[in-house]
Amino acid sequence: MEKSKIAPKRWWYIMPIVFITYSLAYLDRANFSFASAAGINDDLGITKGMSSLLGALFFLGYFFFQIPGAVYAERRSVKKLVFVCLLLWGVCASLTGMVSNIPMLAVIRFVLGVVEAAVMPAMLIYISNWFTKSERSRANTFLILGNPVTVLWMSVVSGYLINAFGWREMFIFEGIPAVIWAVAWWFMVQDKPAQATWLSADEKAALQAQLQKEQENIKAVRNYSEAFKSRNVIILCMQYFTWSIGVYGFVLWLPSILRNGTQMGMVEAGWLSAVPYLAATIAMLVVSWASDKLQNRKLFVWPLLLIGALAFLGSWFIGASHFWLSFSLLVVAGAAMYAPYGPFFAIIPEMLPRNVAGGAMALINAMGALGSFLGSWVVGYLNGSTGSPSASYIFMGASLLISVWLTLIVKPATNTQPPLANGAKHA
């Protein structure tokens, strides 16, 4: 049975679940940017410097609990882990709307990061259990599409909720869906294909055989310690760190940047904030399809990050006096930063065996969280201290340029090339 013909129903059954789950995770981390633009700082007496730190605290909690969550998901159960996380992050998100002081908000932001930390690596492990190498970039993209698509509609809905009710009610309303979805997740999800009642015995056997065949082509790695010392894993950690500086500086502060550019209301800022994510959604689908078609992951990562960097720097060069041209370049930057996610997260499962791939993805994602913390904090600080987004554009553009260079020096995965001779080292 051909790989492309193995149980096509997997896409229709699993991808909606994957997409909705990560969408809800992203909803409850990105809506803080709207509260920042809508008056939470004035209501709680938050200074500009403190606002950037509070926005970034989420990623600090997210950083510390990536690897423990991935280890549990890899060795025990993705289903149980994500179920608990869904319940907890929905509650924490709604509680954000009830805070009355800065310490309470700081604690909730940190805890929200902790309970969402395991979701991304757990979902990547889940996908690697269900989809083959030739499918994985597209499958990863459907997961990560939850990011821009959520910000797209959340930008509009949050703008209207804040306009109609206020930032508190926005947090409360937008935390409830995660709790409801936890119940649906529990009844719909199985950890492995062997547990699925909706697959035939032949489909299960064919899928398992293909997944096992792919593992045989990957050099054995004994444990996490050996995997984490791999040259490629270290480089990818640094690459994702610098990439995430640009992405989350952009995500968390775009509404505020737009409102500073022109005197617009929250509804208008919400609609404009949605445009880069619409472009990103289209770009991600095209890039992931091409990556799976050509089986060349790097080719669909570094050129797009380079475009993103140049777009940020171009937006800075043009300046706020030419708002619409500057905004158009921000749309290009947003789309270019998001487009490579599918190919990027397909690299590790093709480079490391299943016993350590999940932990390596968690380590890389943890470094991305650290970059997100730095990016969201520094961008917020620069915007507040300079009164202009110009310095932020330079900072995010420079970070992406470093990410481009790091991508270029990653060695090809060993199972995408002929065996190496004369004792040459594998990546």
Side-chain angles (χ1 to χ4, degrees), residues 18 21-22 25-26 28-29 56-89 92 109-129 136 140 143-144 147 191-192 215 218-245 247-248 341 344-376 403 406 410 413 427:
V18 164
T21 303
Y22 196 61
Y26 211 80
D28 293 332
R29 76 180 68 166
L57 267 177
F58 169 92
F59 299 107
L60 203 56
Y62 197 81
F63 168 75
F64 284 114
F65 288 86
Q66 284 281 307
I67 295 176
V71 171
Y72 181 91
E74 203 163 45
R75 296 180 178 176
R76 300 288 183 88
S77 171
V78 171
K79 176 179 178 176
K80 293 176 182 177
L81 179 66
V82 174
F83 171 73
V84 173
C85 289
L86 277 162
L87 290 175
L88 291 178
W89 92 55
C92 286
R109 289 294 297 171
F110 181 80
V111 172
L112 187 62
V114 169
V115 297
E116 285 192 24
V119 176
M120 178 68 165
M123 297 303 283
L124 289 168
I125 291 166
Y126 182 62
I127 285 171
S128 69
N129 289 338
R136 208 163 281 143
N140 288 343
L143 166 67
I144 301 162
N147 177 323
D191 282 305
K192 303 285 179 65
Q215 289 294 301
I218 301 175
K219 180 184 176 184
V221 177
R222 290 170 296 182
N223 51 43
Y224 288 124
S225 176
E226 184 177 336
F228 292 172
K229 293 175 183 176
S230 160
R231 175 184 182 273
N232 275 354
V233 170
I234 293 170
I235 292 173
L236 289 172
C237 283
M238 295 188 292
Q239 190 268 9
Y240 199 46
F241 174 85
T242 52
W243 179 3
S244 297
I245 286 175
V247 171
Y248 284 92
Y341 273 119
F344 178 79
F345 280 108
I347 292 173
I348 286 295
E350 296 170 7
M351 188 184 300
L352 294 173
R354 188 174 297 170
N355 65 307
V356 294
M361 287 189 289
L363 179 65
I364 292 167
N365 205 42
M367 293 307 297
L370 203 58
S372 303
F373 172 80
L374 182 65
S376 54
S403 184
L406 289 167
V410 172

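Below, all heavy atoms of this structure are taken into account, side chains as well, without hydrogens, waters or symmetry copies.
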Peer 1: Kindly indicate, with the supporting measurements, whether the criterion side chain to side chain contact (heavy atoms under 4.5 Å, CB included) is fulfilled by Phe228 and Ile67.
Peer 2: CA-CA 11 Å; Phe228 292 172; Ile67 295 176; 4.2 Å; yes
Peer 1: Looking at every non-hydrogen atom in both residues, tell me the closest pair between Ile125 and Ala73 and how far apart they are.
Peer 2: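 Closest approach of Ile125 to Ala73: CD1-CB, 4.1 Å.
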Peer 1: Would you confirm whether Gln66, through its side chain, and Ala117, through its main-chain N or O, come within 3.5 Å as a donor-acceptor pair?
Peer 2: yes
Peer 1: How many angstroms lie between atom OG of Ser128 and atom CD of Glu350, to the nearest 0.5 angstrom?
Peer 2: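 Those atoms lie 11.5 Å apart.
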Peer 1: Side chain of Glu74, backbone of Gly358: donor and acceptor closer than 3.5 Å?
Peer 2: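 Yes, Glu74 side chain to Gly358 backbone: donor-acceptor pair under 3.5 Å.
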Peer 1: Among side-chain atoms of Tyr22 and Glu116, is any donor-acceptor pair under 3.5 angstrom?
Peer 2: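 Note: Tyr22 and Glu116 side chains miss the donor-acceptor criterion.
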Peer 1: Are Val233 and Ile348 side-chain neighbours, meaning at least one heavy-atom pair lies under 4.5 Å?
Peer 2: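 Yes, side chains in contact.
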Peer 1: Starting at CZ of Phe110, measure out to CG of Leu57 and round the result to the nearest 0.5 Å.
Peer 2: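 If we round to the nearest 0.5 Å, Phe110:CZ and Leu57:CG are 8.0 Å apart.
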Peer 1: Does any part of the side chain of Leu363, heavy atoms only, come nearer than 4.5 Å to the side chain of Cys237, both counted from C-beta?
Peer 2: yes
Peer 1: Return the CG to OG distance between Leu236 and Ser403, rounded to the nearest 0.5 Å.
Peer 2: 9.5 Å
Peer 1: Any side-chain heavy atom of Val84 sitting closer than 4.5 Å to one from Lys80?
Peer 2: no
Peer 1: Do side-chain atoms of Ser244 reach the backbone of Phe241 as a donor and acceptor pair under 3.5 angstrom?
Peer 2: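 Flag not set: sc Ser244 to bb Phe241 has no pair under 3.5 Å.
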Peer 1: Does Pro349 reach the side chain of Met361, with side-chain heavy atoms less than 4.5 Å apart?
Peer 2: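 They are in side-chain contact.
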Peer 1: Check the orientation of Tyr240 and Phe344. Use parallel for under 30°, tilted for 30 to 60°, and perpendicular for over 60°.
Peer 2: parallel
Peer 1: How long is the gap from CG on Asn223 to NZ on Lys229, to the nearest 0.5 Å?
Peer 2: 8.0 Å
Peer 1: In Å and rounded to the nearest 0.5 Å, what is the CD1 to CG distance from Ile234 to Leu406?
Peer 2: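 Ile234 atom CD1 to Leu406 atom CG measures 12.0 Å (nearest 0.5 Å).
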Peer 1: Under the criterion side chain to side chain contact (heavy atoms under 4.5 Å, CB included), I'd like the reasoning laid out for Trp243 against Tyr341: C-alpha separation, chi angles, the key distance, then a yes or no.
Peer 2: CA-CA 10 Å; Trp243 179 3; Tyr341 273 119; 3.9 Å; yes
Peer 1: Do Lys79 and Tyr126 make a side-chain contact, defined as non-hydrogen atoms from C-beta onward lying under 4.5 Å apart?
Peer 2: no
Peer 1: Hey, mind stepping through Val410 and Gln239 against side chain to side chain contact (heavy atoms under 4.5 Å, CB included) and telling me if it holds?
Peer 2: CA-CA 10 Å; Val410 172; Gln239 190 268 9; 5.9 Å; no
Peer 1: So which atom in Val119 and which in Val115 form the shortest heavy-atom distance, rounded to 0.1 Å?
Peer 2: CG2-O, 4.3 Å
Peer 1: Can you tell if the side chain of Arg109 reaches within under 4.5 Å of the side chain of Leu112, non-hydrogen atoms only?
Peer 2: yes
Peer 1: Any sub-3.5 Å donor-acceptor pair from Asn140's side-chain atoms to Phe345's backbone N or O?
Peer 2: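 Here the side-chain-to-backbone pair exists.
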Peer 1: Is Leu143 close to Met120 at the side-chain level, that is, under 4.5 Å between some pair of heavy atoms?
Peer 2: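 Side chain of Met120 against side chain of Leu143, heavy atoms only: contact under 4.5 Å found.
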Peer 1: If only atom types and distance count, is the side chain of Ser230 paired as donor or acceptor with the main-chain N or O of Glu226 below 3.5 Å?
Peer 2: no
Peer 1: Within a strict 4.5 Å, meaning less than it, do heavy atoms of the Asn232 and Met351 side chains meet?
Peer 2: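 Yes. Closest side-chain heavy atoms under 4.5 Å.
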Peer 1: Please collect all ring pair (Phe, Tyr, Trp, His ring centres under 6.0 Å) contacts where either partner lies in residues 346-372, sequence neighbours excluded, each pair once.
Peer 2: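 For residues 346-372: none.
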Peer 1: What are the two closest heavy atoms between Pro121 and Asn365, and how far apart are they?
Peer 2: CD-ND2, 3.8 Å
Peer 1: Given 3.5 Å as the limit, does a donor-acceptor pair link the side chain of Asp191 with the main chain of Ser77, or not?
Peer 2: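 Not confirmed, Asp191 side chain does not pair with Ser77 backbone.
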Peer 1: For residues Leu81 and Ala118, report the shortest heavy-atom separation together with the two atoms involved.
Peer 2: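 Here Leu81 and Ala118 meet closest at CD2-CB, 3.5 Å.
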Peer 1: Quick one: does Asn355's side chain have a donor or acceptor within less than 3.5 Å of a partner on Val221's backbone?
Peer 2: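 At least one qualifying donor-acceptor pair exists.
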